[in-house]
Visitor: 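Let me begin by handing over the structure; questions about it come next.
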Amino acid sequence: MATTDALTPERILEATEEVLRRHGPAKATVVDVARALGVSHGSVYRHFRTKTALREAVTQRWLDRTSRALSGVVAGSEPPETRLRRWLAELFAAKRRKVGDDPELFATYMVLVGETSAVVNRHRADLTGQLARIIHEGLERGEFAPAGASPEVLARAVFDATGRFHDPAYAREWADPGIDAEFTALVDLVLRGLRAP
């Protein structure tokens, strides 16, 4: 067995992702992860107390990749409407890449996401928080002007309205001909609803 000196949570999560890709969530075990790392399963449990904690952490890591990529759009200097359009487009593109680039891992994560609702809820809250920051800036600049709604309420409405283009339940539709035109039409509609008269 290898020494555990260089064993980090990140290395364990990388190995877990590979094990999940190979075996799927039903068959992947902590012992498989430990074997892939050349350590005892007890070494893995020192970093992640339970199999559930390990699965939650690997799911969080997977979802965080999308959040980090989108946070750069939020911090950009473009006008809020441009950033909102870009943020929605990048979210859709990121979700499609996850399905297309590694369908086995995507299917595995769909199982894990079903098991880790708290992780998914945090992810959704992070994404709607990012949207709310863009919308807040648009309201402050007078570019967006829906009457009486808070940025948080508007962000949730935008997120829900565009669900077909980021909710994995719709993944089969993302390769349909015309999906890009449908996405653009919906985003145009959403932005018209937000725009100041």
Side-chain angles (χ1 to χ4, degrees), residues 1-76 86-133 155 159 162-175:
M1 291 276 162
T3 66
T4 59
D5 295 78
L7 188 63
T8 64
E10 187 63 23
R11 276 191 61 219
I12 293 168
L13 293 174
E14 286 170 9
T16 302
E17 196 168 277
E18 271 310 306
V19 167
L20 286 166
R21 183 180 283 114
R22 275 197 314 269
H23 302 294
K27 295 182 180 175
T29 67
V30 174
V31 171
D32 294 326
V33 173
R35 189 176 301 122
L37 290 163
V39 299
S40 71
H41 65 280
S43 298
V44 173
Y45 281 126
R46 277 194 275 287
H47 292 274
F48 297 96
R49 293 275 183 218
T50 64
K51 180 179 177 181
T52 300
L54 179 58
R55 288 163 79 105
E56 286 177 355
V58 80
T59 303
Q60 183 73 55
R61 179 178 186 256
W62 188 65
L63 295 172
D64 284 349
R65 289 179 188 143
T66 301
S67 295
R68 277 193 305 276
L70 294 170
S71 67
V73 176
V74 176
R86 194 167 129 226
W87 190 95
L88 291 167
E90 290 197 18
L91 176 61
F92 185 29
K95 296 291 182 158
R96 286 205 293 193
R97 275 191 307 273
K98 285 182 178 189
V99 173
D101 292 352
D102 200 342
E104 295 82 13
L105 194 58
F106 183 80
T108 294
Y109 276 110
M110 290 308 91
V111 172
L112 295 181
V113 161
E115 297 173 355
T116 56
S117 60
V119 171
V120 173
N121 290 341
R122 283 194 303 271
H123 178 65
R124 284 189 187 126
D126 179 48
L127 294 181
T128 56
Q130 289 185 19
L131 278 173
R133 287 193 291 282
F159 192 75
T162 57
R164 180 175 176 221
F165 303 99
H166 57 77
D167 186 326
Y170 297 96
R172 287 190 189 129
E173 297 179 20
W174 296 344

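These numbers come from the heavy atoms of this one structure, side chains and all, not from hydrogens, waters or symmetry mates.
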Visitor: With sequence neighbours excluded, tell me which residues meet salt bridge (Lys or Arg N to Asp or Glu O under 4.0 Å) with Arg65.
Guide: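 Arg65: salt bridge (Lys or Arg N to Asp or Glu O under 4.0 Å) contacts with Glu17.
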Visitor: Could you tell me if the side chain of Leu131 sits less than 4.5 Å from the side chain of Trp87, heavy atoms only?
Guide: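 They are in contact (side-chain heavy atoms under 4.5 Å apart), so the answer is yes.
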Visitor: Suppose we screen for side-chain contact (heavy atoms from CB on, under 4.5 Å). Which residues come up paired with Thr29, at least two apart in sequence or across chains?
Guide: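 With sequence neighbours excluded, Thr29 shows a side-chain contact (heavy atoms from CB on, under 4.5 Å) to Val31, Asp32, given in chain and number order.
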Visitor: Taking only residues at least two apart or on different chains, which pairs with a member in residues 118-132 satisfy salt bridge (Lys or Arg N to Asp or Glu O under 4.0 Å)?
Guide: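 Listed once each, the pairs would be none.
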Visitor: Under the side-chain contact (heavy atoms from CB on, under 4.5 Å) test, which residues partner Tyr45, sequence neighbours left out?
Guide: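 With sequence neighbours excluded, Tyr45 shows a side-chain contact (heavy atoms from CB on, under 4.5 Å) to Val30, His41, given in chain and number order.
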Visitor: Could you list the residues that satisfy side chain to side chain donor-acceptor pair (under 3.5 Å) with Asp64, not counting sequence neighbours?
Guide: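 Counting only residues at least two positions away or on another chain, Asp64 forms a side chain to side chain donor-acceptor pair (under 3.5 Å) with Gln60.
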Visitor: Is there a donor-acceptor contact under 3.5 Å from the side chain of Gln130 to the main chain of Ser67?
Guide: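 Side chain of Gln130 to backbone of Ser67, a donor-acceptor pair under 3.5 Å: yes, one is there.
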Visitor: Considering non-hydrogen atoms only, spot the tightest contact between Arg46 and Ser43 and give its length.
Guide: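 So the two residues come closest at NH2-OG, 3.1 Å.
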Visitor: If only atom types and distance count, is the side chain of Thr162 paired as donor or acceptor with the main-chain N or O of Phe165 below 3.5 Å?
Guide: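 It does not hold such a pair.
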Visitor: I want to check something: taking the side chain as every heavy atom from C-beta on, are Glu10 and Arg61 in contact at a cut-off of under 4.5 Å?
Guide: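 Yes - at least one pair of side-chain heavy atoms lies under 4.5 Å apart.
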Visitor: Find the distance between CG (Leu37) and OG1 (Thr8) and round it off to the nearest 0.5 Å.
Guide: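 Answer for the CG-OG1 pair, Leu37 versus Thr8, is 9.0 Å.
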Visitor: What residues form a side chain to side chain donor-acceptor pair (under 3.5 Å) with Arg86, not counting sequence neighbours?
Guide: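 Here the qualifying residues are Glu78, Glu90.
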Visitor: Is the backbone of Ala6 close enough, under 3.5 Å, to the side chain of Arg11 for a donor and an acceptor to pair up by distance?
Guide: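 Yes, the answer is positive, given that a donor and an acceptor are paired below the 3.5 Å cut-off.
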Visitor: Where is the tightest heavy-atom contact between Ala132 and Ala155, given as atom of each residue plus distance?
Guide: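 So the two residues come closest at N-CB, 3.5 Å.
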Visitor: Just how far is it from atom OG1 of Thr128 to atom CZ of Arg133, taken to the nearest 0.5 Å?
Guide: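 Output value for this atom pair is 9.5 Å.
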Visitor: For Phe48, which residues count as a ring pair (Phe, Tyr, Trp, His ring centres under 6.0 Å) partner, sequence neighbours excluded?
Guide: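 For Phe48, no residue satisfies ring pair (Phe, Tyr, Trp, His ring centres under 6.0 Å) once neighbours in sequence are set aside.
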Visitor: Is it the case that the side chains of Thr52 and Arg55 hold a donor-acceptor pair, with the cut-off being a distance below 3.5 Å and no angle test?
Guide: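 Absent: no donor and acceptor within the cut-off.
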Visitor: Restricting to non-hydrogen atoms, name the atom on Val58 and the atom on Leu13 that form the minimum distance, rounded to 0.1 Å.
Guide: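 Closest approach of Val58 to Leu13: N-CD2, 3.7 Å.
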Visitor: What is the distance from atom CG of Leu54 to atom CG of Leu20, rounded to the nearest 0.5 Å?
Guide: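 Between atom CG of Leu54 and atom CG of Leu20 there are 8.0 Å.
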Visitor: Using the side chain to side chain donor-acceptor pair (under 3.5 Å) criterion, which residues pair with Thr66? Sequence neighbours excluded.
Guide: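 Thr66 satisfies side chain to side chain donor-acceptor pair (under 3.5 Å) with Lys98 only.
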Visitor: Quick one: ring pair (Phe, Tyr, Trp, His ring centres under 6.0 Å) partners of His166, sequence neighbours excluded?
Guide: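 Applying ring pair (Phe, Tyr, Trp, His ring centres under 6.0 Å) to His166 gives Phe159.
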Visitor: Please list, chain by chain and in numerical order, all residues satisfying side chain to side chain donor-acceptor pair (under 3.5 Å) with Glu14, sequence neighbours excluded.
Guide: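 By the side chain to side chain donor-acceptor pair (under 3.5 Å) rule, Glu14 matches no residue at all.
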Visitor: For a quick test of reading the model, state the closest non-hydrogen atom pair linking Lys51 to Ala28 and the distance between them.
Guide: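 Answer, listing the atom of Lys51 first, then Ala28: NZ-O, 3.5 Å.
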